[in-house]
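Throughout, protein chains are lettered first and strands after them, A, B, ... in sequence-line order, and every chain is numbered starting at 1.
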2 protein chains.
Amino acid sequence: MTTTTARRPDVLTRADGSPIRALVVDDEPNLAELLATALRYEGWQVEHALTGHAAIRRAKELDPDVVVLDVMLPDLTGLEVLGRMRATHPNVPVLFLTAKDAVEDRIAGLTAGGDDYVTKPFSLEEVVARLRALLRRTGATTGHQEAQLVVGDLRMDEDSHEVWRGTDDIHLTATEFELLRYFMRNPRRVLSKAQILDRVWQYDFGGQANIVELYVSYLRRKIDKGRTPMLHTLRGVGYVLRPA
Amino acid sequence: MTTTTARRPDVLTRADGSPIRALVVDDEPNLAELLATALRYEGWQVEHALTGHAAIRRAKELDPDVVVLDVMLPDLTGLEVLGRMRATHPNVPVLFLTAKDAVEDRIAGLTAGGDDYVTKPFSLEEVVARLRALLRRTGATTGHQEAQLVVGDLRMDEDSHEVWRGTDDIHLTATEFELLRYFMRNPRRVLSKAQILDRVWQYDFGGQANIVELYVSYLRRKIDKGRTPMLHTLRGVGYVLRPA
DNA sequence: AGCGATCCTGTGAACTTGCTGAGGCGAGGC
DNA sequence: GCCTCGCCTCAGCAAGTTCACAGGATCGCT
């Protein structure tokens with residue numbers, strides 16, 4: 001329970017093999033904690049800051065590989081923080097968090113430098129996926145594979161959102177895609193419905209738990225139908241994706 | 001972890017392969033930051049100066065390959081800066097930024113030497129495209145291709161603004177052209193509506209977000225109608241241009 | 001076998017997202 | 001000054017997606 005590395009086949013690291021350093025900037029402690037936990041679980045080293053000024057200061061000390069930045073901070077706007085941070089770290093990629101309905105929450109320029117953003121409420125899988133995409137682009141290294149996830153004859157390209165089983169390509173909706181990505185990032189590992197709900201659905205989802213069963217059912221129809229099944233149910237425990 | 005190169009197939013570099021050096025001169029910090037971010041994303045090394053005097057000084061030290069110069073600076077006029085800069089760097093190409101309603105004869109004088117200008121508010125794609133055009137003329141090199149972009153049987157000549165699909169030539173309006181250029185510079189890559197809006201529309205565009213859908217619809221009518229579609233929608237994610 | 005718990009999936013409603021026709025507005029050409 | 005063209009808004013429709021619900025199937029246990 002001490003080591004936090006090599007839990008998964010696809011841990012990203014810095015070029016020298018040391019852990020990715022992430023800086024989370026959000027003034028909402030619960031949300032920041034949620035994010036920090038998820039990122040630590042990726043094997044990354046996480047710091048967090050509550051204000052724009054604190055963020056700029058921490059960035060100087062930490063020299064982070066990636067920054068998660070709420071655009072609505074008590075003291076500075078996202079663009080201001082970005083500008084000041086870019087003065088010392090011109091290339092660090094930033095993932096912005098914005099409210100969905102912040103009416104004309106001017107996002108202008110936020111993605112101009114290849115940065116990205118997600119709207120609240122988000123799912124952790126999505127945040128992690130986008131951070132990984134940003135890191136891949138700026139040269140963090142993974143043991144072996146690149147933007148493709150492969151389990152058995154199942155293949156997923158995270159960048160283009162394409163999925164194949166063998167030679168057939170498979171069209172998935174956004175939610176189905178995220179669910180499958182979660183499975184593919186955790187092959188041969190049993191995932192409970194609660195875990196799935198926490199990772200794949202938005203953090204404020206308040207619906208029925210059987211939504212997971214429903215989507216597993218959709219997925220099976222698309223990836224297992226007429227083939228050797230890869231998605232298995234462990235009654236009372238959860239689901240597992242196993243190579244055929 | 002600091003490398004910003006080789007993200008795209010068409011990165012411009014200096015003759016010896018080192019990154020392009022750009023100097024951005026504008027007294028408006030947000031705008032300068034926006035430009036710097038976009039140019040860094042092109043893989044260039046960017047410095048910026050807030051005043052004419054600072055610009056002249058930085059130019060001497062930096063020996064830039066290209067300069068982006070606001071004609072309205074607090075201390076000197078564009079012409080003055082240009083003159084002094086040309087004393088030390090007679091050939092460096094300059095892209096001027098001017099207000100829409102600037103006096104035209106002034107600009108005529110400024111661009112006489114093969115330089116170029118764009119009016120504010122501009123779109124990042126336009127600025128980048130013009131800078132690339134200036135650099136091409138002064139001998140910066142790109143890996144392989146020249147002023148032509150090719151994706152599948154789609155072909156675009158950036159200099160002449162001509163576009164062909166197969167043997168048919170296609171007439172596009174200015175906005176359609178920029179949108180397609182953005183797609184063609186990022187083939188097989190999913191582009192979100194936000195990214196597109198950020199890059200292709202003017203930075204102060206405050207209108208309806210569905211303008212992107214509208215123009216994608218126009219583009220499809222012109223390049224995909226009656227053919228194998230190349231422009232695909234990924235619901236909830238964005239659009240992607242894929243060779244047929 | 002029988003029983004409860006668990007899981008699967010068809011149905012349909014609500015909602016979201018994307019597409020496109022109609023039309024207003026302004027700039028530029030004639 | 002009129003006409004054309006390009007840019008854009010708006011609104012309605014179409015299609016795709018998400019989700020609740022509930023009845024039926026399956027499983028594990030006794």
Can we say [X] and [Y] salt-bridge, meaning some charged N sits less than 4.0 Å from an Asp/Glu carboxylate O?
X: B:Arg155; Y: B:Glu162; result: no
X: B:Arg227; Y: B:Asp153; result: no
X: A:Lys120; Y: A:Asp70; result: yes
X: A:Arg221; Y: A:Glu176; result: no
X: A:Asp159; Y: B:Arg188; result: no

Without decimals, in angstroms, what is the distance between [X] [atom1] and [N] [atom2]?
X: A:Arg220; N: C:dC8; atom1: CZ; atom2: C1'; result: 8 Å
X: A:Leu219; N: D:dT17; atom1: CG; atom2: C1'; result: 14 Å
X: B:Phe177; N: D:dG6; atom1: CZ; atom2: C1'; result: 16 Å
X: A:Glu176; N: D:dC19; atom1: CD; atom2: P; result: 12 Å
X: B:Glu126; N: D:dC7; atom1: CD; atom2: C1'; result: 15 Å
X: A:Leu197; N: D:dC19; atom1: CG; atom2: C1'; result: 12 Å
X: A:His232; N: D:dC27; atom1: NE2; atom2: P; result: 14 Å

Between A:Tyr215 and B:Leu172, which residue's closest nucleotide on DNA chain D lies nearer the 5′ terminus? B:Leu172
DNA chain C: B:Arg221 or B:Lys193, which has the more 5' nearest nucleotide?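 In this pair, the answer is B:Lys193.
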Quick one: is [N] close enough that its OP1 or OP2 comes under 4.0 Å of any side-chain N or O from [X]?
X: B:Thr233; N: C:dG18; answer: no
X: B:Thr173; N: D:dC5; answer: no
X: A:Thr175; N: D:dT18; answer: yes

B:Leu124/B:Leu34 under side-chain contact (heavy atoms from CB on, under 4.5 Å): CA gap, chis, key distance, verdict: CA-CA 9 Å; B:Leu124 293 175; B:Leu34 184 67; 4.1 Å; yes
Nucleic acid contacts of residues 200-214 of chain A, taken as heavy-atom distances under 4.0 Å to DNA chain C: A:Asn210, A:Glu213, A:Leu214
Under 3.5 Å donor-acceptor, A:Thr37 side chain and A:Glu33 backbone: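 Yes, A:Thr37 side chain to A:Glu33 backbone: donor-acceptor pair under 3.5 Å.
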At less than 3.5 Å, do the side-chain atoms of B:Tyr218 and the base atoms of D:dC8 form a donor-acceptor pair? yes
Test for a donor-acceptor pair under 3.5 Å between the base of D:dT17 and the side chain of B:Arg235, counting only N and O atoms. no
Name the nucleic acid region contacted by A:Tyr239, choosing base, sugar-phosphate or nothing; use a 4.0 angstrom heavy-atom cut-off, strictly under. sugar-phosphate
